[in-house]
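Below is one structure; the comments refer to it alone.
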2 protein chains.
Amino acid sequence: MTPSSTPPSIHGQSAIRVEIVVMTVVNSDLKVMLEKRIDQPFSGTWALPGDFVSISADKNQGEDLFTAAQRVLKSATGMTGTNRFLEQIYTFGRAGRDPRMRVISVAWCALVPPELFDMQTDATVQWFSASEETPWIRMAFDHAEILEIGIQHLRNRVDHSTLAFELVPPTFTVGELRTVYDAIKSKRYDPRNFRRRFQRMLTSGLVEEASGKRHLGKSRPAKVWRLSEQFNEKVSKGS
Amino acid sequence: MTPSSTPPSIHGQSAIRVEIVVMTVVNSDLKVMLEKRIDQPFSGTWALPGDFVSISADKNQGEDLFTAAQRVLKSATGMTGTNRFLEQIYTFGRAGRDPRMRVISVAWCALVPPELFDMQTDATVQWFSASEETPWIRMAFDHAEILEIGIQHLRNRVDHSTLAFELVPPTFTVGELRTVYDAIKSKRYDPRNFRRRFQRMLTSGLVEEASGKRHLGKSRPAKVWRLSEQFNEKVSKGS
DNA sequence: CCAATAGTGTCTATAAGACAGTATTTC
DNA sequence: GAAATACTGTCTTATAGACACTATTGG
């Protein structure tokens with residue numbers, strides 16, 4: 001091997017995209033945001049939010065991948081401020097995956113608060129239930145595969161990170177937190193066993209008691225908690 | 001968002017590379033293969049094996065990322081046949097990471113049998129101990145970061161895959177397998193506790209007894225085992 | 001006999017799953 | 001009182017770590 005010694009120009013260049021699997025949890029249902037394509041190819045099918053990465057020939061070379069992912073996420077959700085959970089998951093670069101030209105897509109996984117679910121729904125932007133509807137949607141390019149890996153990434157990470165707290169209000173009850181776990185893992189955690197798990201979050205200092213109580217339905221009011229200040233920081237990493 | 005509707009040409013294009021973190025275990029020591037750069041930039045420093053991905057403007061669009069990774073791996077190791085462990089780990093695309101031009105590097109993690117360690121060592125190709133020497137090597141570009149993430153990937157995966165069996169002979173003793181785990185995790189597993197873990201591999205059908213015994217040093221001969229046929233297949237996935 | 005590894009077994013701690021029962025609210 | 005959720009607790013199982021002991025080889 002001759003590392004990096006060959007002039008790159010003879011190898012050709014490729015367009016670079018970022019595609020974001022934007023997810024949230026509403027009513028214990030994991031939702032994913034998709035956009036309807038209007039142009040060819042795959043006109044009329046659903047696609048992940050995404051865009052080409054700006055690349056320039058001058059000295060600054062264009063925008064970072066992470067910056068591009070943030071930009072697309074803000075544009076798709078209308079959110080201001082930086083998102084706390086935006087992680088790179090995989091890069092898709094098979095030849096022919098875009099019929100027009102060679103395209104490399106760096107896929108990302110993002111979580112947004114459930115409030116967005118109510119706001120953002122029209123003819124071109126729609127939220128789909130990840131567990132049930134997703135397999136039946138006709139999707140553009142290889143986005144069905146990307147979506148699958150994005151959901152898988154979320155399921156693998158939820159047990160070893162604080163990402164679940166991105167999907168509950170700043171103060172929350174044990175039941176609300178469990179509901180988020182239920183939705184992501186697509187199973188019903190036993191409320192009694194989950195509470196034991198929550199107890200360990202408490203003794204380890206991950207969560208702390210908040211003031212007041214909350215009662216949602218027709219049942220006993222529950223204590224409210226919050227993520228401890230020291231953990232209440234951003235978790236993402238760029239590239 | 002306008003999904004994929006904008007003509008890509010105005011966004012510019014980038015060179016695409018694959019970089020491989022090639023690792024093996026020799027004498028309970030995790031080793032990584034590096035190549036010495038001769039050309040500028042970073043002349044004289046060490047770099048991961050890698051190359052530009054061939055991209056063409058015609059209909060076939062060039063080679064797949066996975067194919068490129070396989071090609072680089074074969075070229076760097078001189079191995080024939082397809083490698084069983086070659087997994088994509090992360091994509092590095094920060095602007096300015098290559099001073100010459102914009103380059104996106106898709107990083108991969110590969111395991112090769114220990115025999116290669118003896119063969120491949122000269123002025124330009126060298127194996128370094130991952131646990132001790134690595135922090136002290138002057139590396140090209142952001143390859144130190146890529147290497148770090150590659151080692152981390154291996155450590156995370158070894159407990160939930162059959163990857164350790166890539167680094168022992170076709171038939172092996174419990175001690176030989178434990179030695180591989182020791183090297184990858186950079187800790188000493190208790191031989192008695194590890195044997196219990198091995199027992200579970202046995203009862204679950206992951207490994208099975210082979211004929212004969214083996215004794216390496218000056219001690220009691222040990223039973224030999226093999227990975228069960230049903231698991232003895234390739235594990236990698238392309239993109 | 002000594003050194004070294006193979007192989008068997010015990011005790012403890014942690015975490016997850018199944019499940020019993022009481023407490024407090026709305027209707 | 002009925003329904004629903006909050007909260008406390010028990011029993012069992014799986015896994016990992018610390019550690020004691022015997023077995024078989026080479027020197």
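Proteins come first, then strands; the chains are lettered A, B, ... in the order of their sequence lines, and each starts at number 1. Owing to the predicted nature of the structure, the values given are computational and were not obtained by experimental measurement.
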query = Between B:Ser129 and B:Asp29, do the side chains contain an N or O donor and an N or O acceptor separated by less than 3.5 Å?
reply = yes

request  = State, with a plain yes or no, whether a side-chain heavy atom of A:Ile137 is found less than 4.5 Å away from one of A:Leu147.
outcome  = no

task = Would you kindly give the NZ-to-C1' distance between A:Lys223 and C:dT25, to the nearest whole Å?
result = 17 Å

message = Can you list, in residue-number order, the parts of residues 187-213 of chain B that come under 4.0 Å of DNA chain D, counting heavy atoms only?
response = B:Lys187, B:Asp190, B:Arg192, B:Asn193, B:Arg196, B:Arg200

message = So, does A:Arg178 get its side chain near the phosphate of D:dA6, meaning an N or O under 4.0 Å from OP1 or OP2?
response = yes

query = Between atom CG in B:Leu177 and atom C1' in C:dA6, what is the gap in whole Å?
reply = 15 Å

request  = Report yes if the side chains of B:Val174 and B:Trp225 come closer than 4.5 Å at any heavy-atom pair, otherwise no.
outcome  = yes

query = Sequence neighbours excluded, which residues qualify as side chain to side chain contact (heavy atoms under 4.5 Å, CB included) partners of A:Arg192?
reply = A:Asp190

task = Would you mind reporting whether B:Met23 and B:Leu167 have side-chain heavy atoms less than 4.5 Å apart?
result = no

B:Arg188 atom CZ: more than 12 heavy-atom contacts under 6.0 Å = no

query = So do A:Leu154 and A:Leu30 actually touch side chain to side chain, heavy atoms under 4.5 Å?
reply = yes

inquiry  = Do A:Arg197 and A:Tyr181 make a side-chain contact, defined as non-hydrogen atoms from C-beta onward lying under 4.5 Å apart?
reply    = yes

Please tabulate the protein-to-nucleotide N/O contacts below 3.5 Å involving nucleotides 24-27 of chain D, giving atom names and distances.
residue: D:dT24; atom: O4'; partner: B:Arg220; partner atom: NE; Å: 3.4
residue: D:dT25; atom: O2; partner: B:Lys218; partner atom: O; Å: 3.0

